[in-house]
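All figures in this text were calculated on a predicted structure; none of them were measured in a lab. All residue numbers refer to positions in the sequence shown, counting from 1.
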Amino acid sequence: MEQEWPQNWKELFDQFKAIILNGTLHAQAQMVFIVLKRLIENVITYSNVTNVLRRKELSQAINLIMPEMLAVTIDRIKICIDAGNTDPSILVAKSAIELLSESVDWVVGRVLEETVDKMIEVLCAYLQVANHGIYETAANCLFKIASRKRAKTDETPIVLSMFKDAPMQSIIAAASLAASVSSANVDHYNYLKALCDLLSALGIHLSEIWTYVKNPPPNFSLYLTAIFSFFTHPSMCIRSDVSQVLVTFASHEQISKTKEFTAAIKQVIPHIPKNVEKMGSLDDTTSMTSYYARMDCEDDVELQRDFIQLRDRCLRFIRETLDADHIEQYLQQLSQWINRVIVENDSIPASEWESLKRYVMVFVATAYQKELVNDEVDAKFVLMFNSLMTRLETVGNAKTANLMLSIPSSFLQLFEKHSELIPSFFERLKQILMISSDDLEIVALKRHAISLMLKVSSSMPNVIQNHAELVYNIVTTTAAHVTIMQRANLVQVLGALSNLAQPNIRLSFLQSAIQTNIEYFHGQTYINAISSVPNFMAYIGLTSPADPDEKSESVYYLNRLELKAHLCTIDGVLQHVNAPENQSNPLFQLLNPILQTFFELAHCLNALKDPANQRLVHNSYEQSVTDISATN
């Protein structure tokens, strides 16, 4: 056919039509559909015809017969429908639908528009017929119609065809039936996903042509009800797909204001918390979410990717829909959530703490950004913040306290209006830093407290100015109760505070903050260590047997830790000390005497890869021990 048609075989398509429209010919009609589908694949879909001129001739010929080909294909499917769900009829109809699927995403809009209503009608007739998997074939064809990427004006009638009563009711009825049996086997579940893909594509396409539609199409409320139903399904994959539709509508200037979608937002909001929390796993056998995840994902990496996609879309939905009409519903939800975790904090899993943290962070930031924080909202924020900080005082479990501390940190913008909250906040952080314990959970909690001190001190200078002495006293009081690396971070808090000091005392303030670090780099031990590469290697232990584990705390481990802590201190302070306009950084005067030692240290590090120095490395180390990553 590719060689002779149409020039030397003009009657071929007429012969094909005669076979297609003859209801008694099953195998022959099926073969015709297969041949036509293969022709379209070779010429248009994959461009397998190597001769460019021949491919162009065939493409033109195919486009000429498309109106008639679509019409006779639909007519034959109608014949199959009238013949009942017998195997011969189903197989012919399935091949016919596969031909339509291969055609509908590229055919010109005006051509498709002529037959689209009839096409959708016959496709919907098979949405509840499982024989030979024809229901999924029909759903995939509808999906291709719904997801066409063509000129928007051409697509308007095509998209609206699916919103008519019969098609929409058929699609939703099929989806409801598929959802009720989707857990029975993978085929039913795949069919449900195909219907989900169809409705999602239809929604995205509708948003693209809304300018030409102007008003909600028929059955828009029914469509949104189906989308909401999918959003509550146990399958993470399905929820992620429809969440894209919800976000698309929420960010659409016109759709987001329709009364139908406003009502849908109120339905969706109560289900957001469970969709921003990581639920289920491939190993879990107790939840339906895990059951479906095993059908969707090959490994945990893929599962995590799907979850992150769902979570990010839900958080964006919050950002898009948070306005004066919905903030009260969000506030009630957040208040109830916080009250529950305060009461049940010991039984709240880490995944829920993480989801609450992200929810609060997005909600509070968006509320301030959109200027929705009036006096009433502000009062509720203060109440939530105080409730969390008060409960923190009595939490006995360090891990739980660390997780809980993440929540009030999202309310720090309150300090700009409520400076009276600052003293109690820093006093609570001080209590945490004064805990005497080497327990890893305590260390992590202290690290979190220091990061909050640094965040407030560096990002809110005007707010913290009147409390600088309090913060300074906390840093100096708690320094002896934290690890050497945490002490390095505490000094960075002093670096941030130095920006608030008067110019005449700023230098002395900084000097007192980093004097210990400067003395280290001036010290004879450090000077001897960097005097040569072999000395440096000996100092950090590369020429001695490797430590058996990180808990051994050998002299070499302590040397490395001390060096790292002092370097991190200087690095951190440099990042947080602001240079006055048109003046040099005040740190330069303090660091200038030891700058040469930094260059000597860099020389030692870069020389570690020298073959002569590599031979000095003890054989208990792996060869990669001296590697320096591109980032470092």
Heavy-atom closest pair, residues Pro217 and Trp210:
CD-CZ3, 3.9 Å
Verdict with reasoning, Asp117 to Lys164, per side-chain contact (heavy atoms from CB on, under 4.5 Å):
CA-CA 9 Å; Asp117 286 340; Lys164 292 180 179 178; 3.0 Å; yes
On a heavy-atom basis, the closest approach of Ile209 and Thr156 is CD1-CA, 3.6 Å
In terms of heavy-atom contacts, does NZ of Lys118 have more than 12 from other residues, nucleotides or ligands at under 6.0 Å?
no
For Ile342, is there any backbone N or O sitting under 3.5 Å from a side-chain donor or acceptor partner on Asn345?
yes
Closest heavy-atom pair and its distance - Leu202, Val159:
CD1-CG1, 3.9 Å
Side-chain donor-acceptor contact under 3.5 Å, Ser351 with Glu277
yes
For side-chain contact (heavy atoms from CB on, under 4.5 Å), just list the numbers for Cys141 and Tyr126, CA-CA rounded to whole Å, side-chain angles, deciding distance to a tenth of an Å, and then say yes or no.
CA-CA 11 Å; Cys141 187; Tyr126 282 110; over 6 Å; no
Report the C-alpha separation of Ile272 and Phe363 in whole Å, then their side-chain angles, then the decisive distance to 0.1 Å, and conclude whether the side-chain contact (heavy atoms from CB on, under 4.5 Å) test is met.
CA-CA 12 Å; Ile272 290 178; Phe363 174 73; over 6 Å; no
Hey, which of Ile134, Ile81, Thr137 is the one that makes side-chain contact (heavy atoms from CB on, under 4.5 Å) with Val129?
Ile134
Euclidean distance, Leu198 CG relative to Ile171 CD1, rounded to 0.5 Å
4.5 Å
Out of Asn215, Val213, Ile255, which residue meets the side-chain contact (heavy atoms from CB on, under 4.5 Å) rule with Phe220?
Ile255
Does atom CD (Glu371) have a neighbourhood of more than 12 heavy atoms from anything else shown, all under 6.0 Å?
no
Nearest-0.5 Å distance that lies between atom CD1 in Ile172 and atom CG in Leu177
14.0 Å
Where do Cys297 and Leu303 come nearest, in terms of heavy atoms and distance?
SG-CA, 3.6 Å
Should Arg316 and Ser251 count as side-chain neighbours, where that means a heavy-atom distance under 4.5 Å?
yes
Taking all heavy atoms of Cys124 and all of Ser170, pick out the closest pair and write down the distance.
CB-CB, 3.8 Å
Checking the side chain of Thr289 only, and the main-chain atoms of Pro234 only, is there a donor and an acceptor separated by less than 3.5 Å?
yes
CZ of Arg76 to CD of Gln30: how many Å apart, nearest 0.5 Å?
10.0 Å
With no hydrogens and no angle check, is any side-chain donor or acceptor of Asn219 less than 3.5 Å from a backbone partner on Phe163?
yes
For Met361, does the CE atom have more than 12 heavy-atom neighbours from other residues, nucleotides or ligands under 6.0 Å away?
yes
Atom CD in Glu155, atom CD in Glu208: separation rounded to 0.5 Å?
9.0 Å
Step by step, would you call Asp87 with Asn131 a side chain to side chain donor-acceptor pair (under 3.5 Å)?
CA-CA 8 Å; Asp87 281 354; Asn131 307 37; 4.8 Å; no
Side-chain donor/acceptor of Ser347 to backbone N/O of Glu344, under 3.5 Å:
yes
For the atom pair CD (Glu41) and OH (Tyr46), what is the distance rounded to the nearest 0.5 Å?
5.0 Å
Look at Glu302 together with Arg305 and state whether they make a salt bridge at an N to O cut-off of under 4.0 Å.
yes
Any side-chain to backbone donor/acceptor pair from Lys144 onto Asp105? Under 3.5 Å, distance only.
no
Check whether Tyr291 reaches the backbone of Ser183 with its side chain - one donor and one acceptor, N or O, closer than 3.5 Å.
yes
Any luck finding a side-chain donor-acceptor pair between Lys278 and Gln304 under 3.5 Å?
yes
side-chain contact (heavy atoms from CB on, under 4.5 Å) assessment of Met168 paired with Leu222:
CA-CA 8 Å; Met168 185 56 64; Leu222 185 61; 4.0 Å; yes
Would you find more than 12 non-hydrogen atoms of other residues, nucleotides or ligands less than 6.0 Å from Lys56 atom NZ?
no
Are Lys17 and Glu68 ion-paired here, with the side-chain N under 4.0 Å from a carboxylate O?
yes
Please verify the inter-ring angle class for Phe381 with Tyr368; under 30° counts as parallel, over 60° as perpendicular, anything in between as tilted.
tilted
Less than 4.5 Å apart, any side-chain heavy atom of His326 and any of Thr262?
yes
Salt bridge check: are Lys380 and Glu328 linked by an N-O gap of less than 4.0 Å?
yes
Write down the atom of Val122, the atom of Ile77, and the distance for their closest heavy-atom approach.
CB-CG2, 3.7 Å
Under 3.5 Å, side chain of Arg319 to main-chain N/O of Thr366, donor-acceptor pair present?
no
Closer than 3.5 angstrom, by distance alone: can the side chain of His205 be matched with the main-chain N or O of Ala146 as a donor-acceptor pair?
yes
Side chain Thr258, main chain Gln254, donor-acceptor under 3.5 Å:
no
Where do Glu114 and Arg110 land on the salt bridge (charged side-chain N to carboxylate O under 4.0 Å, His left out) test, with the steps shown first?
CA-CA 7 Å; Glu114 294 173 2; Arg110 57 179 173 75; 5.5 Å; no
Quick one: do Thr45 and Glu102 satisfy side chain to side chain donor-acceptor pair (under 3.5 Å)? Show the steps, please.
CA-CA 8 Å; Thr45 308; Glu102 200 61 45; 2.6 Å; yes
Relative to each other, are the rings of Phe249 and Phe261 parallel, tilted or perpendicular (30° and 60° limits)?
perpendicular
Taking the side chain as everything from C-beta on, heavy atoms only, tell me whether Ser287 gets closer than 4.5 Å to Met279.
no
Atom SG in Cys196, atom NE2 in His233: separation rounded to 0.5 Å?
9.0 Å
Under a 3.5 Å distance rule, please check whether Lys37 uses its side chain to pair with a backbone N or O of Glu98 as donor and acceptor.
no
